[in-house]
Protein chains: 2
Amino acid sequence: MAQVEFWFEYASTYSHLAVLRARAAAEAAGVRLAWRAFLLGPIFAAQGLQDSPFNLFPAKGANMWRDLERQAARHGLPPIRRPEVFPQNGLLAARCTMALPEARRPAFAEAVFRAQFGEGRSISDTALLAELLERLGEEAGAVLAAAGEAPAKAALRAATEEAQALGIFGAPSFTTEDGELFWGHDRMEDAFAWATGVAPRP
Amino acid sequence: MAQVEFWFEYASTYSHLAVLRARAAAEAAGVRLAWRAFLLGPIFAAQGLQDSPFNLFPAKGANMWRDLERQAARHGLPPIRRPEVFPQNGLLAARCTMALPEARRPAFAEAVFRAQFGEGRSISDTALLAELLERLGEEAGAVLAAAGEAPAKAALRAATEEAQALGIFGAPSFTTEDGELFWGHDRMEDAFAWATGVAPRP
């Protein structure tokens with residue numbers, strides 16, 4: 001079965017769309033997805049960006065929020081509720097992801113994004129993450145404790161370095177076993193079609 | 001019949017894909033397209049960008065060229081041949097567009113983009129533009145002369161100012177009669193679906 005690595009960042013608005021649609025889309029395409037949380041902050045900083053491009057370029061940012069609403073409606077996702085702060089600090093959510101077994105990461109990621117962009121909640125809030133973990137049947141205290149320990153931190157750092165080495169510059173991104181990099185929620189299906197050999201080769 | 005304004009910039013790679021696909025896609029969607037050439041340079045400059053973001057951010061630029069190749073293949077367009085200079089100076093091509101009657105602008109725009117990204121030719125070259133105009137049955141000398149006169153220059157300046165007033169920050173863009181702005185080749189069909197009332201409203 002073809003595999004695609006799915007790189008997402010918790011603060012990213014288009015990662016929201018991709019995370020909520022990825023499981024069904026991958027299944028429909030016959031692709032095995034490897035869910036890879038990473039941090040975009042260090043990658044932006046290495047490009048000389050000290051903030052999200054959506055904040056640095058206001059016309060682009062304003063259009064992004066409207067586009068996000070339209071895309072959510074188009075794909076039958078819940079209406080967008082914009083959090084007060086953007087981008088949010090997704091560090092703790094990303095470390096919690098690393099502290100979970102791989103198979104249980106997708107459900108956690110979906111819950112975090114639904115809370116952030118569907119309910120406008122603050123994902124840097126430990127109490128919110130504990131609530132989401134418990135609702136998923138996880139031992140919230142143990143996961144949050146592990147998120148603060150060296151292995152989870154090192155795993156997230158390694159993922160971010162790997163993303164950068166792959167040429168990733170934004171989120172979400174999709175990488176294939178033969179070395180293609182697809183950037184953006186609107187390339188998700190293209191990445192799957194490439195991985196399964198359906199997409200024509202240039 | 002629903003109308004969509006189609007904003008394109010001659011130096012823009014994703015405008016290439018949109019220009020080559022727009023006529024067939026609009027016809028399929030039942031949309032009347034108003035073709036609007038404009039200049040992105042002044043709009044980038046107003047955002048503090050002195051060059052294309054694809055040059056300012058090399059990882060993003062490298063991926064754009066690969067994506068462009070893949071998208072061309074996906075849509076059955078000719079293979080991309082990358083011009084030596086990017087972005088090219090599209091000023092003369094844009095002024096020639098303004099010097100043509102509206103109905104004959106789409107064919108000229110298609111010819112310019114095919115020459116630029118399908119053959120890697122220099123679109124700031126007057127001889128190339130003359131050749132393309134002649135092939136289309138235009139009086140090349142007269143069009144090029146009109147392109148250098150005040151009405152064509154003023155029309156292009158007015159289009160660029162109108163684009164900026166509409167919140168346009170990149171190309172291609174699509175605007176609808178009810179005030180929606182869609183940015184990017186990958187939103188072309190979304191814009192058409194919105195204009196005809198097919199797209200769900202958020």
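Computation of the quantities below employed the complete heavy-atom set of this structure, encompassing side-chain atoms and omitting hydrogens, waters and symmetry-equivalent molecules.
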Next item on the list: Please determine, among Gln47(A), Glu69(A), Glu180(A), the option with the most heavy-atom pairs under 4.5 Å with chain B.
Entry: Glu180(A)
Margin query: Can you give me the closest heavy-atom contact between Gly170(A) and Leu40(A), atom names plus distance?
Written below: CA-CD1, 3.8 Å
Notebook entry, point to check: Any side-chain donor paired with an acceptor under 3.5 Å for Gln71(B) and Asp186(B)?
Noted result: no
Checklist line | Value rounded to 0.5 Å, distance of CG in Leu136(A) from CD in Glu131(A) | finding: 10.5 Å
Note to self: Is the ring pair Phe8(A)/Tyr10(A) parallel, tilted or perpendicular, if the boundaries are 30 and 60 degrees?
What the structure shows: perpendicular
Note to self: Tell me which of these, Arg74(A), Arg70(A), Lys60(A), has more heavy-atom pairs under 4.5 Å with chain B than the rest.
What the structure shows: Arg70(A)
Check: Quick one: which of Trp35(B), Phe38(B), Phe182(B) gives a ring pair (Phe, Tyr, Trp, His ring centres under 6.0 Å) with Phe6(B)?
Finding: Trp35(B)
Notebook entry, point to check: Where on Leu56(A) is there a heavy atom nearer than 4.5 Å to chain B: the side chain, the backbone, both, or neither?
Noted result: neither
Item checked: Per-residue contact mode, Arg201(B) against chain A (heavy atom under 4.5 angstrom) -> backbone
Margin query: Report which part of Ile43(B) has an atom under 4.5 Å of a heavy atom belonging to chain A: side chain, backbone, both, or neither.
Written below: neither
Margin query: Counting only non-hydrogen atoms closer than 4.5 Å, does Arg66(B) touch chain A with its backbone (N, CA, C, O), its side chain (CB onward), both, or neither?
Written below: side chain
Next item on the list: Fit a plane to each ring of Phe86(B) and Phe117(B), take the angle between them on a 0 to 90° scale, and name the class: parallel (under 30°), tilted (30 to 60°) or perpendicular (over 60°).
Entry: tilted
Item checked: Proximal component of Pro200(B), with respect to chain A [non-hydrogen, under 4.5 Å] -> both
Checklist line | Interface moiety of Ala59(A) toward chain B, non-hydrogen atoms closer than 4.5 Å | finding: both
Item checked: Residue, of Ile80(B), Leu49(B), Ile168(B), Leu181(B), that accumulates the most heavy atom pairs under 4.5 Å with chain A -> Leu181(B)
Margin query: Which label fits Phe192(B) and Phe174(B): parallel for a plane angle under 30°, tilted from 30 to 60°, or perpendicular past 60°?
Written below: perpendicular
